Visitor: 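One structure follows; several queries about it will come next.
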Amino acid sequence: MPSNLLLPAIVLAAVAYLIKAFYSANTSALSTLPGPWYSKYTNIVLRYHILTGRRIFYVDALHQRYGGVVRIAPREVAVSDISGIAKIHKIGSGFLKSEFYQNLTPTREPGIFAMQDPHAHAARRRLFARAFSNSNLKTNWESEVRSKAELAVQKIKQDAVGSAKGADVLKWWTLMATDVIAHLSFGESFHMLELGKQTGYIDALQAALLSGVLRAELPLVHTLLRYIPTERIQKIVTADDVVFEYGALAIRNMRQGVGNAMNLFGQMVAASDSQEKASLRDEDVRTEAGNLIIAGSDTTAVTLTYLVWAVLNQPQLQADLEREIASLSADLTLSELEDAPLLNSILDEVLRLYGAAPGALPRIVPSQGLSVNGFHIPEGVEVSTQAYTNHRDSSIFPNALQFDGRRFLDKTTMTSQQKAAFMPFGGGSRVCIGLHLAWMELRLGAALFFRHCRGATLSSCMSDDMMEMDNRFLISPKGHCCYIRVEKGGQEEA
Ligand code: HEM
């Protein structure tokens, strides 16, 4: 082409592209959905908020402005309407998890968290269900969980008493929750609570997760990073391999383990028939062991951290909770904790406002489409719901933005709307499989803390700003810490 025609050709191509983009944006079946004008053309604004850790706030603000159904990107719709949420998450709805999950999880094969095929997922779920049932956890794992929670609180107390800065509860809850789920997955403790820091395997797991976020949100950047030969970058892009190799330990303990050395997979296999056994191959155990650690560590740790922070911000509530815990037996049995009214009400309230996974749970609309609020969303579009918005809806929860530790004291008064909106552990067939384990850790961690660290206060270095939520699928405090102090002599039981 003669060089004097090159520029006009480029301009013409650009104009044609813009006309096509404009045409398809305005004739698409989604063009009538409410939302900001740019969401018809680009996902760049949404991606910007995801990468800056502010997706939940951005989408929530769009719901406040545009209502319960909002187009947030050309092929993505956010739904906060309760009837829409029920349709998306109900069992057998046909709304499958989107590709997002597979990109996010750092393994070669999709594990239970990311699987899309409903039959394969249901089979894996059945296999896991026994091991994660409340009764199995109580019989086989309560003493491990309890001793780790006791050690975590002992470490918190050691750091908190008499020191100016105090103890970082986020650090100790993270080591506790990671030690718990690592022990269950691998069949032996990583002893991170004893070491006071995380192991190289957990470093690799976190790097693999970071690599997954990049793969999900910025695939081109992820590919290019492979060619940058610095040690730091290579650690991130090759972290998958470290995680995969380490999984061999889970396989060995599944086969050889007895008693405490047996892991959850060993228990699953022992309780399954030969067909089910065959469905759990060695590479699945590697995958699942890593995934369970990701799903079961920061989630519980962050929730416990916000619990301490929220309660310490309300001295009267703190005193009442400490009194309730002090009135229980020296053993703090699980059944006592399950029946402790204020403890459980506070935990529900923490899960409402600060549950660790309040963000988008993306699903793909099935062939019949989704009709909600008078709009029709066609097959193939990605729809997502976020508990952050529903849990803060004041037409559902009165004074929704206020942390009210007594809100759930009498759960028989919960309205059907409240029950439908309350989804800290997700819903339907993909509801959190670790929720009984989470509740065990939350109850034990909180009760032991408020028994042994009575009168704790937030350290003077803490500000509300540091506890603002950073949202990267899960939430975590922006300041990456939560320091508390206990006065000498003030920590003993009354
Ligand atoms: C307070 C703590 C926790 C919270 C708030 C939480 C929250 C959630 C949520 C919202 C989901 C649904 C995700 C979706 O639909 O996309 C989920 C799924 C899941 N969670 Fe948890 N979780 C917690 C603790 C745990 C623990 C301790 C484990 C350990 C095993 C765990 C393992 C899983 C797994 C494997 C899934 C995927 C289930 C499936 O797709 O079938 N979670 N969790």
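One-based numbering, in listed order, for ligands and for the atoms of each. Note that the coordinates shown come from a computational prediction; the quantities given were computed from them, not determined experimentally.
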Visitor: For the residue pair His222 and Ser211, confirm or rule out a side-chain donor-acceptor distance under 3.5 Å.
Guide: yes
Visitor: Please list, in number order, the atoms of ligand 1 under 4.0 Å from a heavy atom of Arg125.
Guide: 38 (C), 39 (C), 41 (O)
Visitor: Using heavy-atom distances only, which candidate in Gly426, Gly296, Ala438 approaches atom 28 (C) of ligand 1 most closely?
Guide: Gly296
Visitor: Give the contacting part of Thr299 toward ligand 1: side chain, backbone, both or neither, where contact means a heavy-atom distance below 4.0 Å.
Guide: both
Visitor: Please state which protein non-hydrogen atom is closest to atom 40 (O) of ligand 1 and give its distance, to 0.1 Å?
Guide: Arg430 NE, 2.9 Å
Visitor: List the closest protein heavy-atom neighbour of atom 13 (C) of ligand 1: residue, atom name, distance to the nearest 0.1 Å.
Guide: Leu361 CD2, 3.9 Å
Visitor: Using the side chain to side chain donor-acceptor pair (under 3.5 Å) rule, pick out the option among Arg430, Arg126, Lys97, Gln116 that qualifies with His121.
Guide: Arg430
Visitor: Which residue and non-hydrogen atom of the protein lie closest to atom 32 (C) of ligand 1, and at what distance in Å?
Guide: Ala295 CB, 3.4 Å
Visitor: Show me which atoms of ligand 1 lie under 4.0 Å from any heavy atom of Phe132.
Guide: 30 (C)
Visitor: Fit a plane to each ring of Phe425 and Trp439, take the angle between them on a 0 to 90° scale, and name the class: parallel (under 30°), tilted (30 to 60°) or perpendicular (over 60°).
Guide: tilted
Visitor: With a 4.0 Å cut-off on N to O distance, would you call Glu283 and Arg286 a salt bridge?
Guide: no
Visitor: Using heavy atoms and a 4.0 Å limit, tell me yes or no: is Phe128 in contact with ligand 1?
Guide: no
Visitor: Suppose I only count heavy atoms of Arg363 and a 4.0 Å limit; which atoms of ligand 1 are within that range?
Guide: 14 (C), 15 (O), 16 (O)
Visitor: Would Glu288 count as a contact residue for ligand 1, given that I'm defining contact as a non-hydrogen atom of the residue lying under 4.0 Å from a ligand atom?
Guide: no
Visitor: Taking Ser384 for the side chain and Pro362 for the main chain, is one N or O donor matched with an acceptor at less than 3.5 Å?
Guide: no
Visitor: What part of Met440, side chain from CB on, backbone N/CA/C/O, both or neither, has a heavy atom under 4.0 Å from ligand 1?
Guide: neither
Visitor: For atom 35 (C) of ligand 1, state which one of Leu442, Leu437, Ile433 supplies the nearest heavy atom.
Guide: Ile433
Visitor: Could you tell me which atoms of ligand 1, counted from 1 in the order shown, lie closer than 4.0 angstrom to a heavy atom of His121?
Guide: 39 (C), 40 (O), 41 (O)
Visitor: Would you please determine whether His89 falls within less than 4.0 Å of ligand 1 on a heavy-atom basis?
Guide: no
Visitor: Using a 4.0 Å heavy-atom cut-off, which part of Lys97 comes near ligand 1: side chain, backbone, both, or neither?
Guide: side chain
Visitor: How does Ile181 reach ligand 1, by side chain, by backbone, by both or by neither, if only non-hydrogen atoms under 4.0 Å count?
Guide: side chain
Visitor: Look at the aromatic rings of Phe408 and Phe422 and report parallel, tilted or perpendicular, splitting at 30° and 60°.
Guide: tilted
Visitor: Could you check whether the rings of Tyr306 and Trp309 sit parallel, tilted or perpendicular, using 30° and 60° as the cut-offs?
Guide: perpendicular
Visitor: Between Arg443 and Asn344, do the side chains contain an N or O donor and an N or O acceptor separated by less than 3.5 Å?
Guide: yes
Visitor: Quick one: nearest non-hydrogen protein atom to atom 36 (C) of ligand 1, plus distance?
Guide: Phe113 CD1, 3.8 Å
Visitor: Could you walk me through whether Glu322 and Gln318 pass side chain to side chain donor-acceptor pair (under 3.5 Å), step by step?
Guide: CA-CA 6 Å; Glu322 287 172 352; Gln318 179 180 356; 3.1 Å; yes
Visitor: Which of these, Arg407, Lys411, Arg406, sits in a salt bridge (charged side-chain N to carboxylate O under 4.0 Å, His left out) with Asp348?
Guide: Lys411
Visitor: Give the atom numbers and elements of ligand 1 that come within less than 4.0 Å of a heavy atom of Pro424.
Guide: 5 (C), 7 (C), 10 (C)
Visitor: If you apply the rule ring pair (Phe, Tyr, Trp, His ring centres under 6.0 Å), what do you find for Tyr58 with Tyr48, and how did you get there?
Guide: CA-CA 10 Å; Tyr58 171 65; Tyr48 167 76; 8.9 Å; no
Visitor: What protein heavy atom lies closest to atom 1 (C) of ligand 1? Include the residue and the distance to one decimal.
Guide: Thr303 OG1, 3.4 Å
Visitor: Polar contacts were defined as any N/O atom of the residue lying under 3.5 Å from an N/O atom of the ligand; does this apply to Tyr101 and ligand 1?
Guide: yes
Visitor: Do Glu188 and Asn253 get their side chains close enough for a donor-acceptor pair, meaning under 3.5 Å?
Guide: yes
Visitor: So, 4.0 Å and heavy atoms of Gly355: is ligand 1 close enough to count as a contact?
Guide: no
Visitor: Students often mix this up, so state it plainly: with edges at 30° and 60°, are the rings of Phe100 and Phe473 parallel, tilted or perpendicular?
Guide: tilted
Visitor: For atom 8 (C) of ligand 1, find the nearest protein heavy atom and state the residue, atom name and distance (0.1 Å precision).
Guide: Cys432 CB, 3.7 Å
Visitor: Heavy atoms only: which of Tyr354, Phe425, Trp439 lies closest to atom 9 (C) of ligand 1?
Guide: Phe425
Visitor: What distance separates Met466 CE from Leu170 CG, expressed to the nearest 0.5 Å?
Guide: 10.5 Å
